[in-house]
Every structure is written in structure tokens, then in C-alpha cells.
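Below is one structure; the comments refer to it alone.
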Amino acid sequence: MNMKIDPWSALNIDDYSKLFDEFGILPFDDMVREIEDPHKFMNRKIIFGHRSYDLITDAMKNNKPFSVMSGFMPSGKIHLGHKMVMEEIIWHQQQGGDAFVGIADREAHSVRGMSWERCRDIGINEYIISLIALGLEPDGHIYFQSGSEQVKDLAFELAAKANYSELSAIYGFTGETNVAHMLSAVTQSADILHPQLEEYGGPKPTVVPAGADQDPHIRLTRGLGHKMNMFKIEGREDKSGNKYFSVRSKGAPEEAMKELSQRIPGKTKLFEGHVDVFSADNFEMLLKTVRDVELEFGGYAFVPPSSTYHRFMSGLQGGKMSSSVPDSYISLTEETKGAAKKVKRAKTGGRMTLEEQKKLGGEPENCSVYEMFLFHLIDDDEELAQIYTECREGTRMCGNCKALAAERTEKFLKEHQELREVAKDRLDEYGL
Ligand code: TRP
Ligand code: SF4
């Protein structure tokens, strides 16, 4: 199978190991140990992969600045999948991250042909209100792409570094693709990089929590971030095996190279187009000096963004969740009784008959009701483990699970919808 991931078609990725081998996403397991109080998605291996998340654990541990950023296309109903990303943003905000949430109205307008008015309406009434109800604090930044001059200006700068072949290799763009659609791809990169602009405190690690289907955006953005930078630091070795660093210019002004060679402590040598650094045992110090000089000379010094990737829930009827099949998903704004009914009709991992269930046990790993527990409805790990064991041992019947899941879904939705009513009156605190 061709593993091109297309963020606009939200395909179900059934073999996650390919993401590690073919795309260089790293397993998240190693990171969990570095985190003091991990989010339940981390402990439960729902977040399974990352890029450069070590920068974020380092920032969290050592109280260094970092940000968390994601975007939502205002195209339809807010559902449990969006809730996952929102919870991840809020968790990182609680760990000290500066939070940014973009409503991707440029994307919805150019890709889906949605009017600006509708984008605004859905952006506020579906996404933003739930985001506030779920607990995003007002010191975070919520914005519409079309309303952010910084994002739009940066998108144009990034567009100067992105060429057609690169975009089409990632997204499968063709000669029929409209230019605004292409612009919306670089706008998304601008979303991700703009927390590092001077106005927001300058270069810093930024994590983008996302579903695995969003990785092409991250790869594009990491590449563009690199391309925008004036310098590149390379590790080298001379003929007798001594290690040193070489700071290479990528179109940096000559003055900046000179400044660098003077500013970097220890022995350095200035060449045309690069400065070699022979006594940099403190790499962080070197990195900081290079960034400072770049900023002074008008560059960006972007840190390539980090990311985390979560698994998707399957649809309530098995198969994929799809916005065109209302029975396959639960929306945060839907009528609570109807939602409970959907859960009661959901596909389980149970056997054909009660006897079989008792003899063989059920299959929680193939059960959308169990997924509801795992992803959303049960916080207590022990309670979850008990359901898992009872199911496997054949002492638990699907009817019980469904009733419990339906009841909790109804309760969650009711509470969330009450909090949404409160959130509606708080929009001005968020500058909206
Ligand atoms: N393209 C994303 C989607 O399809 C939305 C999005 C816009 C986004 N900007 C972003 C996601 C920045 C992550 C980071 O829903
Ligand atoms: Fe799913 Fe519960 Fe049935 Fe097991 S008993 S298959 S967890 S619904």
C-alpha cells in the first residue's frame, strides 16, 4: 500500500509501525518516563509517536518557555476527535506552555468553498466555545487565520521558500488545485511557526498535538523552518579525528558572519560562508549565540516544531468515523439522549451468543464501546483495567458496558453543554 498520508482525506492508518519506519516518527514510550504527571492519552499509548518532543520535556522540566499550537478547520460539527486535540492543548497550557489555537478559515474557504460568515459562525459556536468550556485559559491565544496579520505575512514569507514540487509531493496537488488551497498549506505552516515571532517572545520549542494524518504538515513546516534560517550548525571532524562545529551561512549577510566569529567564545575561524568553532563544549551556548546573532540581523531563528501523534477512535459502528455518517461519531453539541442511543447501538467486541461470551470472553481491542471508555469516559486506570479483564475473562456482558457508556456519555455531554453556556458569555475575555 502506498503510505502517502493525505490530511484532507483523513484515512484510517491501520499500521502505525510504518510511520516509524518510513517517516521517522519516534515512539512516544521513551518520552513518557520524562514527564512528571503525564496526560492519560500518554499513559494509555493513545499518543504513540512524536517528533522532537525531547525539546518540550526539557522545557517543562527546566521551566523554559515553550508553546503549544494547533488549528481547527471550521467545516462542521465539533466531535470527540477534536476534543482530544483540545485536551492536549489545554494539558500543555497547564504545564506552562503558551497556547495558540487557530481557526483555519482560510483553509475552509479555499478548500471547502465555505463563506467567511459561515467560517466565523462555526469557528465560534462549535470549536471555540467548546475549547473554552473544556478549560483553555484566557492567557492563551485564539484567532482566525484571516484575522491575523502576523500569520498572513509569515505565510507569504514561507511561500517564497516552498515550491510546487515539494507541496505536490506532500499533498498530491495537481494542475487542477487552486492557488488559494496551496496558500492555505503554507498558512498552516505560518500558524505553527508564528508563536516564535518576536511579538510572542521569539524562538522557542512549539509542540503541535495532532492525529497521525497531520504529519505531512509538520514535515513541511519543519523543512520550511530550516529553510528560513540564516545559519545551519554542522558537526564535523578533522583529519586527525578532532570534532568541531561549523556554522554555515544560508544567505546570511557578511556582517552577521563576522559578528558570529567574534561573539562565539573560544577559538573560531571565519571563512567565506562559514565559521568553524573549535572549542564549543557547550552546544546550548553556541546555539543561543547563533540564534541571538540571527535575530539581530533580522532573521527568524526558528526552532523546528515538535509534534505528538495520537491514534484515532474508530467509528461507533466499526470502520472509520465519518462526518457524513452521523451514527459513526458523537458531537459535543448534539442532543444528549440521542447520543446515548447511538452508544447503545454501537458495535462491540462481544460474541454472537451469551454462552460464547462466557466461554471465550470478549475482545475489548475490537470494541468501540471500550474505546469510548479508554479515550473519553473513564479516567481511573483501575476501573478501566477491571472492565478489560472482566471482558476478556467472559464475566462481563456487553449490555452492561453499553448501559454504562451510554449513561456516562449523557452525563459528560450534559455537563459540557452547561459549561458551553457559561463559555458563551466569556468570549470577550479571549479577545473575540
Ligand atoms: N489542517 C488542519 C485540519 O485539517 C487544521 C489546521 C490549520 C492545523 N492550522 C493548523 C492543524 C496548525 C495543526 C496546526 O483540520
Ligand atoms: Fe466491549 Fe464490554 Fe462487550 Fe467487552 S463486554 S466486548 S468491553 S462492550
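Every number for a ligand or one of its atoms is a count from 1 in the order of the listing. Heads up: numbering here begins at 1 and tracks the sequence.
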Find all atoms of ligand 1 within a distance of less than 4.0 Å from any non-hydrogen atom belonging to M73, and give their numbers and elements. 15 (O)
Give the numbers and elements of all ligand 1 atoms closer than 4.0 Å to a heavy atom of Q214. 1 (N), 2 (C), 4 (O)
Find all atoms of ligand 1 within a distance of less than 4.0 Å from any non-hydrogen atom belonging to A104, and give their numbers and elements. 7 (C)
Contacting atoms of ligand 2, where contact means under 4.0 angstrom from a heavy atom of Q357: 5 (S)
Check whether any side-chain heavy atom of D215 lies under 4.5 Å from a side-chain heavy atom of R51, and answer yes or no. yes
Treating S328 as the side-chain partner and S322 as the backbone partner, does any N or O pair qualify as donor plus acceptor under 3.5 Å? yes
Give the ring-plane orientation class for H109 versus W116, where under 30° counts as parallel, over 60° as perpendicular and anything between as tilted. parallel
For F375 and H310, run ring-ring contact (aromatic ring centres under 6.0 Å, His included): C-alpha distance rounded to whole Å, both residues' side-chain angles, the deciding distance at 0.1 Å, then the answer. CA-CA 11 Å; F375 282 70; H310 55 239; 8.2 Å; no
Polar protein atoms (N, O or S) that approach atom 1 (Fe) of ligand 2 to under 2.8 Å: C367 SG
At a 4.0 Å cut-off, with the gap strictly under it, does some heavy atom of S70 reach an atom of ligand 1? yes
Is I192 touching ligand 1 with its side chain, its backbone, both, or neither, if touching means heavy atoms under 4.0 Å apart? side chain
Applying ring-ring contact (aromatic ring centres under 6.0 Å, His included), name anything that partners Y300, two or more places apart in sequence or on another chain. F302
For residues 398-406, tabulate all N or O donor-acceptor pairs below 3.5 Å that involve a side-chain atom, not counting sequence neighbours.
{"from": "K402", "atom 1": "NZ", "to": "K344", "atom 2": "O", "distance (Å)": "3.2"}

Just grab all the salt bridge (Lys or Arg N to Asp or Glu O under 4.0 Å) pairs involving residues 116-139, residues at least two apart or on different chains. K77-E126
I'd like to know whether NZ of K288 has more than 12 heavy-atom contacts from other residues, nucleotides or ligands below 6.0 angstrom. no
pair Y171-L220: side-chain heavy atoms closer than 4.5 Å: yes
